[in-house]
Engineer: 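I have a structure I would like to understand better, so I am pasting it below and will then ask my questions one at a time.
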Amino acid sequence: MQIIIQDTAHEIIETCARSIARLLTEKPACVLGLATGSSPILLYQRLIQMDLDWHLVTTFNLDEYVGLSPDHPQSYHHFMQENLFRHINIKPENINIPNGLTQNILQTCADYEQKIRDVGGIDLQLLGIGTNGHIGFNEPSSSLASRTRIKTLMPQTRQDNARFFNNEADIPHHVITMGIGTIMEARHNLLLALGETKAKAVALAVEGAMTANHPASILQMHPNATFFLDTPAAAQLKNTAYYKWTYANKPDDLLIAAKQQ
Ligand code: GLP
C-alpha cells in the first residue's frame with residue numbers, strides 16, 4: 001500500500017486529482033470507478049477545473065440507493081450529475097451507475113458485473129471510507145469475495161448519511177453496491193479520506209487486522225492501493241513518520257509525476 005499524508009484537504013486532493021489526470025492523459029479511453037460522499041466533491045471540483053478530456057472515458061459508480069429514481073436529489077445518479085458529469089465532456093452512454101429502481105435486482109447486478117468485464121475491467125477505482133470501514137456500501141461482515149449485489153445499511157451508515165436527507169425515515173435501508181471482490185479487481189484502488197471522523201476507520205484499514213468486520217482492510221491484499229489522507233484522517237496511524245519519509249523519497253513514477261506537475 002502507498003500511504004500519502006498531506007497537511008490539508010486541499011493539498012491531498014491536489015495530489016489525488018493529479019493521479020487521476022495522469023491516467024486520463026496517458027490512457028484517454030480509460031475505465032474509472034467513481035465514488036460519492038462528501039470527500040470526493042472537492043476532488044471532482046478540482047478535476048473539472050483541470051479541463052480534462054473525458055470523451056473516451058467510461059465510468060462505473062460504486063453504488064446506488066434502492067428505490068430512489070435517478071432524478072431524486074439524494075440519489076447517487078443525481079449526485080454524480082450535479083458534481084461531475086454535467087461539467088465535463090463525458091458521453092452519457094459511457095456512464096454506468098447501478099439502477100436503484102430495477103424490478104430485477106439479481107439481473108441488474110449480474111449485468112453490471114458483465115459490463116465491467118466487457119470493457120476490460122476498471123483501471124482506477126476511487127473509494128471513500130465509511131466510519132465503520134465500509135467501502136462502496138459493503139458494510140462490516142460483507143464477504144471479502146462479494147460481487148455487485150443488494151446490501152442492507154447499518155444504522156450507523158444511515159445516521160452518517162442522514163445529513164443529506166430531510167427526514168431519517170426517508171433514508172433507504174437498501175442499496176446496490178459493487179462487491180468487495182469487484183473492487184479488488186480494479187487495477188489501482190485509490191482511497192481518499194478527509195477529516196478526523198475517519199481517523200479510526202483509516203487506522204484499522206491500514207494497520208489493523210484484515211477482517212470482513214472492517215471491509216477497507218481488504219486493501220492490504222491489493223497489489224496497487226493508495227491511501228490519500230489529510231493529517232486529521234491520518235491522526236490515529238502509528239507509522240506516520242515512515243509513510244511520510246517513504247513518500248518523500250520514493251523513486252516512483254506516479255508519485256514523481258504527481259509532484260512535478
Ligand atoms: C457513502 C458511500 C461510500 C463513501 C462514504 C463516505 O457511504 N457509499 O462510498 O465512502 O459514503 O462518504 P463521506 O465522504 O461523505 O464521508
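All residue numbers in this chain count up from 1 along the given sequence. Both ligands and their constituent atoms are indexed starting at 1 by order of listing.
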Engineer: Using a strict cut-off of 4.0 Å, indicate which atoms of ligand 1 neighbour a heavy atom of H134.
Structural biologist: 1 (C), 3 (C), 5 (C), 7 (O)
Engineer: Do F165 and Y65 make the cut of ring centroids closer than 6.0 angstrom?
Structural biologist: yes
Engineer: Just let me know how A35 lines up against ligand 1, side chain, backbone, both or neither, with a heavy-atom cut-off below 4.0 Å.
Structural biologist: neither
Engineer: Which atoms of ligand 1 sit under 4.0 Å from any heavy atom of G128?
Structural biologist: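 What qualifies from ligand 1 is 10 (O).
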Engineer: Pick one of side chain, backbone, both or neither for how E64 approaches ligand 1, counting any non-hydrogen atom pair under 4.0 Å.
Structural biologist: neither
Engineer: With heavy atoms only and a cut-off of under 4.0 Å, state how Y65 meets ligand 1: side chain, backbone, both or neither.
Structural biologist: neither
Engineer: Going by distance alone, is a donor N or O of one side chain under 3.5 Å from an acceptor N or O of the other, for S142 and R149?
Structural biologist: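 R149 and S142 do have a side-chain donor-acceptor pair below 3.5 Å.
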Engineer: As a quick check of understanding, evaluate side chain to side chain donor-acceptor pair (under 3.5 Å) for T108 and N99, giving each step before the final call.
Structural biologist: CA-CA 7 Å; T108 297; N99 174 9; 5.3 Å; no
Engineer: Among all protein heavy atoms in this structure, tell me which lies nearest to atom 3 (C) of ligand 1, with the distance rounded to 0.1 Å.
Structural biologist: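 Nearest neighbour among protein heavy atoms for atom 3 (C) of ligand 1, to 0.1 Å: G136 O, 3.4 Å.
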Engineer: Answer side chain, backbone, both or neither: which part of T177 comes under 4.0 Å from ligand 1, heavy atoms only.
Structural biologist: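 It is neither part, as no heavy atom is under 4.0 Å.
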Engineer: When you measure from atom 6 (C) of ligand 1 to every protein heavy atom, which one gives the shortest distance, and what is it?
Structural biologist: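 Looking only at protein heavy atoms, the one closest to atom 6 (C) of ligand 1 is I129 O, 3.6 Å.
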Engineer: Which ligand 1 atoms does R163 reach within 4.0 Å, using its non-hydrogen atoms?
Structural biologist: 15 (O)
Engineer: Checking E11 against T8: is there a side-chain donor and acceptor pair closer than 3.5 Å?
Structural biologist: yes
Engineer: Apply the side chain to side chain contact (heavy atoms under 4.5 Å, CB included) test between I20 and each candidate in T25, L43, L34; give the one that qualifies.
Structural biologist: L43
Engineer: Given 3.5 Å as the limit, does a donor-acceptor pair link the side chain of H134 with the main chain of A216, or not?
Structural biologist: no
Engineer: Do T157 and N132 pair up side chain to side chain, a donor and an acceptor below 3.5 Å, judged on atom types alone?
Structural biologist: yes
Engineer: Nearest protein heavy atom to atom 14 (O) of ligand 1, by residue and atom, and its distance?
Structural biologist: S39 OG, 2.5 Å
Engineer: Under 3.5 Å between any N/O of T36 and any N/O of ligand 1: does that happen in this structure?
Structural biologist: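 Min N/O separation from ligand 1 is not below 3.5 Å for T36.
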Engineer: List ligand 1 atoms under 4.0 Å from K198, heavy atoms only on the residue side.
Structural biologist: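 In order of number, 6 (C), 13 (P), 14 (O), 16 (O).
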Engineer: Between E185 and R147, is there a salt bridge with N-O shorter than 4.0 Å?
Structural biologist: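 Yes, R147 and E185 are salt-bridged.
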Engineer: So if I count the atoms of ligand 1 from 1 in the order they appear, which ones are less than 4.0 Å from some heavy atom of S38?
Structural biologist: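 That gives atoms 13 (P), 14 (O), 15 (O) of ligand 1.
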Engineer: Measure from the side-chain N and O atoms of H222 to the backbone N and O of A186, and report whether any donor-acceptor pair falls under 3.5 Å.
Structural biologist: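 Between the backbone of A186 and the side chain of H222 there is a qualifying donor-acceptor contact (under 3.5 Å).
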Engineer: Which heavy atom of the protein is the closest neighbour of atom 1 (C) of ligand 1, given with residue, atom name and distance?
Structural biologist: Y76 OH, 3.7 Å
Engineer: At a 4.0 Å threshold, what atoms of ligand 1 neighbour a non-hydrogen atom of G37?
Structural biologist: 12 (O), 13 (P), 14 (O), 15 (O)
Engineer: With a 3.5 Å distance limit and no angle check, can you tell me whether E113 reaches the backbone of T148 through a side-chain donor-acceptor pair?
Structural biologist: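 Looks like yes, one N/O pair under 3.5 Å.
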Engineer: Looking at atom 8 (N) of ligand 1, what's its closest protein heavy atom, distance included?
Structural biologist: D63 OD2, 2.8 Å
